[in-house]
Number of protein chains: 4
Amino acid sequence: MSESKADERDETAKPRRRQARGERRIQQLLDAAAHVFCRTGYTSASTNAIAREAGVSPGTLYQFFPNKEAIAVELGERLNRRMLETHGTVFTPENVGLPLGELLDTILDPMIEFNCANPAFLALIQSSDAPGRLLEEHAELHDSIQDRISELIGVRNPDLSPERRAHTTTMAFALFKAGLALILGHEGAEREAYVVELKTALYGYLAPVLGTEGVSARP
Amino acid sequence: MSESKADERDETAKPRRRQARGERRIQQLLDAAAHVFCRTGYTSASTNAIAREAGVSPGTLYQFFPNKEAIAVELGERLNRRMLETHGTVFTPENVGLPLGELLDTILDPMIEFNCANPAFLALIQSSDAPGRLLEEHAELHDSIQDRISELIGVRNPDLSPERRAHTTTMAFALFKAGLALILGHEGAEREAYVVELKTALYGYLAPVLGTEGVSARP
Amino acid sequence: MSESKADERDETAKPRRRQARGERRIQQLLDAAAHVFCRTGYTSASTNAIAREAGVSPGTLYQFFPNKEAIAVELGERLNRRMLETHGTVFTPENVGLPLGELLDTILDPMIEFNCANPAFLALIQSSDAPGRLLEEHAELHDSIQDRISELIGVRNPDLSPERRAHTTTMAFALFKAGLALILGHEGAEREAYVVELKTALYGYLAPVLGTEGVSARP
Amino acid sequence: MSESKADERDETAKPRRRQARGERRIQQLLDAAAHVFCRTGYTSASTNAIAREAGVSPGTLYQFFPNKEAIAVELGERLNRRMLETHGTVFTPENVGLPLGELLDTILDPMIEFNCANPAFLALIQSSDAPGRLLEEHAELHDSIQDRISELIGVRNPDLSPERRAHTTTMAFALFKAGLALILGHEGAEREAYVVELKTALYGYLAPVLGTEGVSARP
DNA sequence: GATGAATGAGGATTCATTCAT
DNA sequence: TATGAATGAATCCTCATTCAT
């Protein structure tokens, strides 16, 4: 008998048995959230707007998500998972050993394609409360991607100091996000043009660090 | 102190004094706004918070600005003006003809310095409601900077097609903003490291387009 | 005179300068809150209901109180202060030395009168989230009264052990609150009858501990 | 399918024939409700929380109870019934004739014991929306107890006027509830101490009305 | 011009209750 | 019967903006 006010939230990870309908609703809500996040950004997105977009009442939204943040987190996780499932195999030893131009093509093309199909991904990653400061709830998503980049760089050039590797990773990811925003902000030929620019930029940035030639995995 | 009842006599005859006092208020409010924008971003910044930070009442704020947007616009314009005044002379023909590395140093160093001293500048430029889509009120500021970059590129390489020049400009500016965000997000040695990374990135991106060697202005 | 130093900025910023209108509004809101608390109890009282009762918009309420709790706290403090100002002098040495019946009359009559005029006082003291567990925000009010009772008992019978004194205090206060609730819940002759019953109960409870005869203060 | 053992005096033939399983469910729900009422009080208890505590869905709860109030009513009735079954025999003529101290022991000890084991009882009786005003749904429970007290007093002292008897009853019950709240709010030695205080208080209050000596039932 | 007061629509979230499977 | 889904009004609170002094 020690707690007076706070409990209620039975977080005990009891995996809720959801009906098929509920699973559908969740997807519907996440789709709606993706729409709204893209339209207005995470911070300005209102749960009511998401519910409306999904064609349900506010209460229904809260049947599946405890709060706004959880929607973004779940959306981010699903997108991340889907991206890994679909394009997670690009970091094979063979690919990493390709000449830099081909390596970038191999990595970026599916990545860009995925993001064009799922622009909410970038919206989540970029949602910040202050310039440069990510909302906590999206940091994990952000980090999970950055980790993969870091690993790629580390494998490609194991001689980099941890600091340089970290800086290179962060900067490369920042460039990618910046270019991706341009790509998503345009269509058709313009979009294609920015794809080229992004690759050029990353090539120019990474070439001195990773080398342009193909390499073979070290024994 | 000692100009107490001077105002009462005539409301219109002393516009200078009123302006001076008003100007002080405006600067006070803009300083406060800069603070708050940096802390919370433009969208999340509340006019009440700005007024509080400035030590005045909300009503006073609205005596000088018709709405929240106008504050950002005025702040942006002033920052832009100050930047031009302070660092507007870097785009001289001699500078533009420098080897790329020196050119970047010449341009970026004061630019970065200015932005470190005035982080609100980036906050404004980055404040977006959706990824990649700037709030209307900041587009002008954004464009004015981009125009200068475009001009620099055009002068340095007059053979570029307008389209390529536009793409290069946009991308270069995007890279700059991305790097600047990293720079402002760190301090001390880390910050310096990201300055280097940003320069590296821009060098790598621009070298193929602008050439690395010094050039002399064409007749 | 001398509104001349208008430039003075109050750096302290904590003590809000309120206009007379605001002070009036606060009283109005507290009166409304008292009404609503009495009608529905603290927990069920809604801030919107309080604002409506006061004839203002919800926003106005929040101009003066940061949240619902603060309303109750301020109301409690004001009532407590007023009670002390009005009836705080009953615990004089002479009174404490009176025969028990007269002592109770002396203490209870103004106390009851005050509570009949301000029934919100009891509403606050009794507001609990679980039976027997007071809401934090009202504990202070509760304790401040109990302390006075404890002191009275201690002066009247200095030989009581601290434990017995504490138990007696708590129980006597509980009896008082229980009787007061009955008193406030009735009117006219019924009310008077319960006043008598309450005094009887307290007399019967306290007589063995405090003695029925008058005592003189010990040196 | 034998509905044969219809010893139903239930003339109205409620469609509510409960099966064993339903009965179990009901008990489950009432137990959960008791828990939640004790934790948060009646008003703050949510039907969802009760269902969760019972491990069933909200829909199931509403299959057995038409609304939240009905849960409290049924819980109260069951507790009342159990109390009567277990301790209902204390009001025998012999007991009523005991000396007051023993009479109180005889009545209060099992009463307190029962309430310690079933704290929801007090929670229900005390759940009020406004100080002193019981929620309708619990008035009946409240009255049924008070009636028994009234009867006891009437038997013990038949000369009391109906008014005095009513006042004494109400006050005595109020004292009991107040003391009981203290008892339930403490544990161990403290709890025992408050048991003593409660008995002292009731003794002091009732002695003048009921006399302290044992009496024999009048013919 | 300066102030604090006032507004009210809108934000996130909850909850008693009903519905559909 | 049991379940989870669905509802929508109500909750506390915020904020850009306007008003009165």
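Along DNA chain E, the nucleotide nearest C:Q28 and the nucleotide nearest A:N67 are compared for position; the residue whose nucleotide lies closer to the 5' end is C:Q28. For C:K68 and D:Q63, each mapped to the nucleotide of DNA chain F holding its nearest heavy atom, the one lying further toward the 5' end belongs to D:Q63. Residue-to-nucleotide proximity on DNA chain F shows that, of A:G59 and B:A45, the 5′-proximal contact is made by A:G59.
In this structure, of E:dG11, F:dA2, F:dT17, it is E:dG11 that holds the atom nearest to the side chain of A:S46. Listed nucleotides E:dA5, E:dG11, E:dA2 differ in distance to A:N48; the shortest reach to its side chain belongs to E:dG11. Of the candidate nucleotides E:dT13, F:dA6, F:dC13, F:dA6 has the atom lying nearest to any side-chain atom of A:S57. When distances run from any side-chain atom of C:T60 to the nucleotides F:dG8, E:dA16, E:dT7, the shortest one goes to E:dT7. Residue B:Y62 places its side chain closer to F:dT17 than to any other of E:dC15, F:dT17, E:dA6. Nearest to the side-chain atoms of C:P58 among the listed nucleotides E:dA5, F:dG4, F:dC13 stands F:dC13.
A straight line from CZ of D:F65 to C1' of F:dT1 spans 15 Å, rounded to a whole angstrom. Rounded to whole Å, the distance from CZ on A:R25 to P on E:dT21 is 11 Å. With rounding to whole Å, C:I71 atom CD1 is found 14 Å from F:dT11 atom P. Atom CG of B:L61 and atom C1' of E:dG1 are 14 Å apart (whole Å). Going from atom CZ of A:R52 over to atom C1' of F:dT7 covers 16 Å, rounded to whole Å. Atoms CZ (A:R24) and P (F:dA6) sit 9 Å apart, rounded to a whole Å. Note: CD (B:E23) to P (E:dG1) measures 13 Å, nearest angstrom. Rounding to whole angstrom units, CG of residue C:L29 and P of F:dC13 are separated by 14 Å.
Within the cation-pi definition used here (under 6.0 Å to the ring centroid, within 45° of the axis), C:K68 qualifies as a partner of C:Y42.
Backbone-only contact: B:F64 has heavy atoms under 4.0 Å from sugar-phosphate atoms and none from a base.
E:dT21 is paired with F:dA2 under the Watson-Crick or G-U wobble criterion, all donor-acceptor distances under 3.5 Å. Of all nucleotides present, only E:dG10 satisfies the Watson-Crick or G-U wobble test against F:dC13, with each distance under 3.5 Å.
Residues B:R24 and B:Q27 have side chains that never bring a donor and an acceptor to within less than 3.5 angstrom of each other.
The nearest pair of heavy atoms linking C:F121 to C:G76 is CE1-O, 4.5 Å. Contact between A:N67 and A:A70 at its shortest, heavy atoms only, is OD1-N, 2.9 Å.
For the atom pair CZ of A:R25 and CG of A:L61, the computed distance is 11.0 Å after rounding to the nearest 0.5 Å.
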